[in-house]
Protein chains: 2
Amino acid sequence: MSDEPARLEEVRDEFVTQWGIMGAQWGINRTMAQIHALLMTASDVMSTDEVMEVLEISRGNAHTNLKDLVGWGLIKIVTKKGERKEFFEAEKDVWEIFRRVARERKRREIDPALETLRNCKAATEDMKTPNGKAFHEQMVQLEDFVSFASKMGDRVGTMQHGKAIKLAMKIFG
Amino acid sequence: MSDEPARLEEVRDEFVTQWGIMGAQWGINRTMAQIHALLMTASDVMSTDEVMEVLEISRGNAHTNLKDLVGWGLIKIVTKKGERKEFFEAEKDVWEIFRRVARERKRREIDPALETLRNCKAATEDMKTPNGKAFHEQMVQLEDFVSFASKMGDRVGTMQHGKAIKLAMKIFG
DNA sequence: ATGAACTTTCAGTAATTACTGAAATCAGAT
DNA sequence: ATCTGATTTCAGTAATTACTGAAAGTTCAT
């Protein structure tokens with residue numbers, strides 16, 4: 001039986017790899033998801049150089065993706081006193097991660113879709129032909145649904161963990 | 001003021017384009033999303049050739065993406081009697097679309113992630129070092145959350161529109 | 001069996017997206 | 001002002017993903 005630290009590294013590697021694949025299936029890029037997985041399971045903050053080394057990626061790539069993760073609110077920059085370098089630390093609370101991803105995806109994906117739907121709805125408001133009316137009605141249906149999803153996103157995004165758990169129990173308990 | 005059919009075509013084009021962009025931001029390919037948008041707003045079934053013509057894409061491309069959409073359960077093949085050709089028709093009910101997408105994404109993305117998490121959890125079950133314990137705990141947290149999400153997906157995937165509305169009202173009303 | 005109408009596959013190519021590495025820039029210490 | 005240790009940018013390149021078009025396959029009528 002191999003020693004524990006070595007086994008841990010192996011398992012962690014598997015996790016990082018799979019998280020990367022998963023990220024890629026969603027719209028997120030593989031490296032960004034891998035860095036996130038790495039930091040989520042790091043026992044301490046990491047520097048850009050450490051990330052570069054572990055994942056064997058270039059400085060530019062590491063830099064870009066670390067900053068993107070900061071943009072998503074999934075990791076934050078920490079500075080050590082006396083050190084000039086930046087270090088990174090991931091949010092580890094799962095509920096918090098979910099909230100931030102939900103908020104960000106809503107902002108980037110749902111909101112623009114909603115705008116288009118509203119345009120298309122408005123532009124066909126007054127149509128009289130059966131086709132025009134049918135199209136308009138489809139836009140109404142979509143807009144209703146997506147704006148509902150958007151509101152849910154807002155709700156969840158501001159909900160505390162405890163509240164969410166209670167709510168979940170009520171629904172699925 | 002231009003005539004209604006022409007205006008409708010313009011608006012519909014905008015919708016198709018934007019739906020394609022949205023699809024691309026999610027993991028779905030642009031063309032597939034465009035075809036879906038096209039069929040969702042079609043007043044009648046469409047053939048492969050019609051789709052090719054409207055979107056100006058090749059036969060191979062149209063074919064592949066139409067079949068993928070069938071695989072997602074978002075459109076279905078209809079045959080007209082006397083005609084040998086296949087025609088396609090989209091599910092237009094928004095709730096039904098949502099259910100099918102939820103079901104499919106769960107199957108393709110959530111379930112495999114869950115398997116990895118369970119592996120990583122099991123592989124670190126017995127660890128004694130602080131790092132091993134911390135990693136294990138993180139896997140437990142993630143597994144709990146993702147399996148919860150998975151269960152939600154199942155629930156929603158089998159829920160009827162009316163039930164869902166009532167539930168939503170209870171939560172967000 | 002032959003052929004017409006249609007569907008499916010796939011090798012080659014185009015388009016898109018991600019990554020590298022080196023140069024430019026920045027910020028604090030001397 | 002200069003140097004040092006770091007961050008940021010970006011032109012060029014690599015990798016990935018999507019698309020084309022033509023050939024092969026299928027199905028049904030004759």
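Note that this is a predicted model, so its numbers are computed, not measured. Order of the sequence lines sets the chain letters (A, B, ...), proteins ahead of strands, with each chain counted from 1.
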Give the residues of residues 82-91 of chain A touching DNA chain D, defined as any heavy atom closer than 4.0 Å, sorted by residue number. Arg84(A), Lys85(A), Glu86(A)

Kindly write out the residues that satisfy side chain to side chain contact (heavy atoms under 4.5 Å, CB included) with Asn29(B), not counting sequence neighbours, or none if the list is empty. Thr31(B), Met32(B), Asn65(B)

Hey, where on DNA chain C does chain B first and last touch, going 5' to 3'? Cut-off is any atom under 4.0 Å from a heavy atom. dA4(C) to dT9(C)

At a heavy-atom distance below 4.0 Å, what parts of residues 40-68 of chain A sit against DNA chain D? Arg59(A), Gly60(A), His63(A), Lys67(A)

Which of residues 13-24 of chain A sit near DNA chain C, with a heavy atom under 4.0 Å from it? none

Please identify each residue that fulfils side chain to side chain donor-acceptor pair (under 3.5 Å) with Arg30(A), with sequence neighbours left out. none

If a pair satisfies ring-ring contact (aromatic ring centres under 6.0 Å, His included) and one of its residues is in residues 47-87 of chain A, list it, with sequence neighbours excluded. none

Residues at least two apart in sequence or cross-chain that pass side chain to side chain contact (heavy atoms under 4.5 Å, CB included) with Glu10(A), listed by chain then number, are none

Salt bridge (charged side-chain N to carboxylate O under 4.0 Å, His left out) assessment of Arg100(A) paired with Glu104(A): CA-CA 6 Å; Arg100(A) 292 183 188 179; Glu104(A) 204 63 14; over 6 Å; no

Taking salt bridge (charged side-chain N to carboxylate O under 4.0 Å, His left out) as the cut-off, I'd like each qualifying pair that reaches into residues 12-24 of chain A, sequence neighbours left out, listed once. Glu9(A)-Arg12(A)

Is Arg7(A) reaching over with its side chain to a backbone N or O of Met127(B), donor-acceptor style, under 3.5 angstrom? no

Is Glu89(A) reaching over with its side chain to a backbone N or O of Val78(A), donor-acceptor style, under 3.5 angstrom? no

May I ask you to decide whether Arg99(B) forms a salt bridge with Glu96(B), counting only side-chain N to carboxylate O separations under 4.0 Å? yes

For Phe135(B), give me all partners under ring pair (Phe, Tyr, Trp, His ring centres under 6.0 Å), at least two apart in sequence or on another chain. none

Report the residues that fulfil side chain to side chain contact (heavy atoms under 4.5 Å, CB included) with Glu115(A), sequence neighbours left out, ordered by chain and then residue number. none

Any residue meeting side chain to side chain donor-acceptor pair (under 3.5 Å) with Thr64(A), in chain and number order, not counting sequence neighbours: none

